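Starting from 1, each residue takes its place in the sequence as its number. Everything numeric here is computed off the predicted structure, so don't read it as measured data.
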Amino acid sequence: LLKHAEQWGVMSADLDRWTLEAFAVMAGIEADQIPVVQHDYTPPNSVWRFLDNPAFWRELIKELWLENQRLACFCASRSEAKVLRRWLQGLRPSAKVLAIHGESEDDEIATLGNVNESWAEYDAVLFTTSAGSGVSFDIEGHFDRVCVWGLNAPTSLMASEYTQGAARIR
């Protein structure tokens, strides 16, 4: 659709170069050819995106986790959230890890009612688009890192959905 449209633009509350590059690839143009409306928002430094090096990404997450850092990870799919949860729990069995996805237990889904209270009890919170509009974790400094986990995911998520997911942690 983008390749055949005569005119289009991109508007986002948290537009970054990764989103622009994704649209550029879809449209078959250079990123600097996309019309952009500038704004003052900048994502926090704790949001990391590694799109093309799964081995490096896994090693970085492992290092941070073993240093007892608290993580919030937006996952591209339910299966990724499940795999990441098992992996993190295997590395630190005593840590509390929550995963929110389409097959989560009722008590896990219930944490969405008051994420500031419930998520603060966890060392890691992994979530998919199941944690949608209206979900905002606002306790500054609780999570040491916010990440996006979308390695080799057979997913239909747009680049902007990844950044929106990460932005659920304010």
Query - hydrophobic_cluster_shared for V83 and L91, side chain cutoff 4.5 Å - result: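 L91 does not cluster with V83.
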Requested in this report: Check whether any side-chain N or O of S104 sits under 3.5 Å from a backbone N or O of A99 as a donor-acceptor pair, and report yes or no.
Outcome: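 It does hold such a pair.
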**Report entry** Backbone of A95 reached by a side-chain donor or acceptor of D123 within 3.5 Å
**Finding:**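 Checked: no pair found.
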Which heavy atom of [X] sits nearest to which heavy atom of [Y], and what is that distance?
X: A81; Y: C75; answer: CA-SG, 3.8 Å
X: V125; Y: F143; answer: CG2-CZ, 3.6 Å
X: Y122; Y: H142; answer: O-NE2, 3.1 Å

Side chains of [X] and [Y]: closer than 4.5 Å at any heavy-atom pair?
X: S77; Y: T128; result: no
X: L88; Y: I61; result: yes
X: L126; Y: L98; result: no
X: R145; Y: R70; result: no
X: L71; Y: W65; result: yes

Report task. Might you confirm whether atom NZ of K96 has over 12 heavy atoms from other residues, nucleotides or ligands at distances under 6.0 Å? Result ->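 Buried by this count: over 12 neighbours within 6.0 Å.
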**Report entry** Over 12 foreign heavy atoms within 6.0 Å of CD, Q33
**Finding:**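 Above 12, so yes.
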Query - Qualifying residues under side-chain hydrogen bond (donor to acceptor under 3.5 Å, both in side chains), relative to E67, sequence neighbours excluded - result: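 Once residues adjacent in sequence are excluded, the partners of E67 under the side-chain hydrogen bond (donor to acceptor under 3.5 Å, both in side chains) criterion are Q69.
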**Report entry** Under the side-chain hydrogen bond (donor to acceptor under 3.5 Å, both in side chains) test, residues paired with R85 that sit two or more places apart
**Finding:**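 Applying side-chain hydrogen bond (donor to acceptor under 3.5 Å, both in side chains) to R85 gives E108.
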Query - T111/I100 under side-chain contact (heavy atoms from CB on, under 4.5 Å): CA gap, chis, key distance, verdict - result: CA-CA 9 Å; T111 67; I100 301 293; 3.6 Å; yes
Requested in this report: Given side-chain contact (heavy atoms from CB on, under 4.5 Å), test V97 with R92 step by step and report yes or no.
Outcome: CA-CA 10 Å; V97 181; R92 277 179 47 200; over 6 Å; no
